[in-house]
Structures are given as structure tokens and as C-alpha cells.
Amino acid sequence: MGNAGMGGPGTQQYGEVNQLGGVFVNGRPLPNAVRLRIVELAQLGIRPCDISRQLRVSHGCVSKILARYHETGSILPGAIGGSKPRVTTPKVVSYIKQLKAKDPGIFAWEIRDRLLADGVCDKYNVPSVSSISRILRNKLGGGALYPVPPLYPVPPQRCWPLHQPYDYYVYLQGRQHAAAPPHALPHHPHQPPPSHAHAHAL
DNA sequence: TTCGTTACGGTTGAC
DNA sequence: CGGTCAACCGTAACG
């Protein structure tokens, strides 16, 4: 991994320098400001190869971001990390919440029994007691259920709900979130997808 | 020369 | 609380 960095301890983000002289953090998405710029330049009619040189971002990356923008209308990177819920699907979570709401004192094991008894799950996909406890802790303690406040047209996402918007960082120009407003972008041929309706299509 | 694709080394985060 | 592991990342290189 080698961080070509050695920047200052403290404030600066670390990064490596690519063949074009651009800074990037291996394994992490480019900052939104850059992603947005790529799309803006393309819309201005600049060729991808020129965008690549101008912003010092590999052409493969420019190609990917542009392609994704064209098919989803979003400049955002995909949702990274996490793991697919094997049993705690949105439907199940929703059911658990209802049970808990009706009887706040209910035990996790009782919920488990209800899921089976009510036919919401079968014995092969019923969540473990600890999974249920975690759901109770996370989803109920924290806040609303899978909320979606998309700043931009829906970011590409997996088919299971992954709520956080993407905590981007800014390491270029000590700017404030250069997260330029969505309206900075001319309208996309694609319809800005209405909120992410089918998040649970799986 | 341009650009689509992908191996690679890397990080993340729900389970 | 900490490990697992499949999802995504951008670069570099090939064609």
C-alpha cells in the first residue's frame, strides 16, 4: 500500500499520485467534487480523454464514472462495504418493528417465535435471537427506518438498503464540501429516479 | 489516439 | 467487541 503521502500529520489526507500527477486514495472513491467535475466537463462537450488529462484522473475511471452517470443519473460511487442481509430483509425488519411497537416488553426470542408462527419466516430463514436484538438496537434506537434523503439522483446502490448517504471526504484544495448543488448539472436525459423505490427488489 | 475492460491491491461495513 | 467477506474503489495496462 505505501502511502506516497507523508503530507502533514494532522490535517491533510494521505494519498498516492497516479501517472498523470493526480492524487488519489487507494481503495477509496474520488471526492464528489471531482466526480461532479468529470460529468460537468463531459456535458460541456469535452472528450473523456481530455477530461482525464485535465483532472488527472485515469481514463478508466473517467470512463466508469461517465458510464454510470449515463445509466443511473448519479455521480455518486456505489455503496461500499457491509454485507447482504441473509434473513433480516426489509419485510422482516418491518414486521419485527411492529411486534416491538405493540409490545415494547417483548423478548427477542418471542419475536423469533412469532416470525415463525405468523409465517413471515420459515425455520431456514428466521433471524437468530442475536440478529433480532441487533435490529431492535440499531433500527429502533437510532432513527427512522430506511430513510432516503438523496442529495443527488439516487446513487447506485445494491438491492438491500444501505442507508448512509456516503460520508465523503475532501482532500483536494482545503475547500469546504465542494459538494456542488445538484442543479449545477444540466438535466440528465434520464429521469432523476424518484427516490429509490425498489430498494428491496431482491 | 481513444476508450472499454479488467487484474490488482486496497478499504469498508452489516452480519 | 472483533473477525469475516463480498461489495466497491481507482489505477495501470491491455487491446
Side-chain angles (χ1 to χ4, degrees), chain A residues 1-5 13-39 41-42 45-72 74-94 96-97 108 111-112 115 121 124-148 152 154-172 196 199-202:
Chain A
M1 59 204 111
N3 265 340
Q13 265 286 346
Y14 285 70
E16 305 178 48
V17 177
N18 64 23
Q19 293 175 332
L20 297 163
V23 175
F24 70 99
V25 177
N26 197 3
R28 300 301 296 147
L30 285 175
N32 279 351
V34 176
R35 313 178 78 86
L36 184 58
R37 193 74 190 125
I38 288 171
V39 172
L41 292 179
I46 313 285
R47 295 139 79 221
C49 59
D50 291 327
I51 294 174
S52 170
R53 283 187 284 257
Q54 206 171 135
L55 300 183
R56 297 168 185 260
V57 168
S58 68
H59 89 260
C61 183
V62 169
S63 175
K64 180 174 167 181
I65 289 173
L66 250 22
R68 175 173 294 171
Y69 176 70
H70 287 136
E71 70 183 56
T72 69
S74 174
I75 64 161
L76 297 178
I80 300 171
S83 55
K84 180 179 172 180
R86 289 191 297 256
V87 292
T88 61
T89 60
K91 185 180 76 173
V92 173
V93 171
S94 194
I96 291 172
K97 290 180 67 172
I111 290 178
R112 201 178 111 105
L115 289 171
C121 299
Y124 297 107
N125 67 4
V126 66
S128 63
V129 170
S130 58
S131 284
I132 294 173
S133 297
R134 183 163 17 76
I135 291 168
L136 260 23
R137 217 184 320 122
N138 297 344
K139 312 272 181 170
L140 262 31
L145 55 170
Y146 40 109
V148 207
Y152 300 92
V154 264
Q157 21 181 247
R158 285 197 290 282
C159 43
W160 64 90
L162 223 179
H163 26 304
Q164 95 292 83
Y166 171 55
D167 181 43
Y168 58 88
Y169 53 94
V170 178
Y171 62 79
L172 291 180
H196 70 336
H200 45 42
L202 191 127

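Sequence lines set the chain letters: A, B, ... in the order given, protein chains first and strands last, and positions in each chain run from 1.
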Less than 4.0 angstrom between a side-chain N/O of [X] and OP1 or OP2 of [N], yes or no?
X	N	result
A:K64	B:dT5	no
A:R68	C:dG10	no
A:R53	B:dT2	yes

Using atom names, set out every protein N or O paired with an N or O of nucleotides 11-15 of chain C below 3.5 Å, distance rounded to 0.1 Å.
residue	atom	partner	partner atom	Å
C:dT11	OP1	A:N18	ND2	2.8
C:dT11	OP2	A:S58	N	3.1
C:dT11	OP2	A:S58	OG	2.6
C:dA12	OP2	A:Q19	N	2.9
C:dA13	OP2	A:Q19	NE2	2.7

Nearest heavy atoms of [X] and [Y], plus distance in Å:
X	Y	result
A:L20	A:S52	CD1-OG, 3.7 Å
A:V17	A:F24	C-CE2, 3.9 Å
A:C121	A:V92	SG-CG2, 3.8 Å

Whole Å only: how far is the [atom1] atom of [X] from the [atom2] atom of [N]?
X	N	atom1	atom2	result
A:N125	B:dC15	CG	C1'	16 Å
A:I46	B:dT2	CD1	C1'	15 Å
A:L76	C:dC8	CG	P	14 Å

Both A:S63 and A:S131 contact DNA chain B. Which one's nearest nucleotide lies toward the 5' end?
A:S63
Could you work out which one of B:dG4, B:dT12, B:dC3 sits closest to the side chain of A:C49?
B:dC3
Of the listed nucleotides (B:dA14, B:dT2, C:dA7), which one gets closest to any side-chain atom of A:R47?
B:dT2
Applied to residues 53-64 of chain A, the salt bridge (Lys or Arg N to Asp or Glu O under 4.0 Å) test, sequence neighbours excluded, yields A:D50-A:R53
With both pairing distances under 3.5 angstrom for Watson-Crick or G-U wobble, and | for a partner in another strand, the correct string for DNA chain C is ..|||||||||||||
Is a side-chain N or O of A:R112 found less than 3.5 angstrom from the main chain of A:V129, in a donor-acceptor match?
no
Given side chains that start at C-beta, do those of A:L76 and A:N32 come closer than 4.5 Å, heavy atoms only?
yes
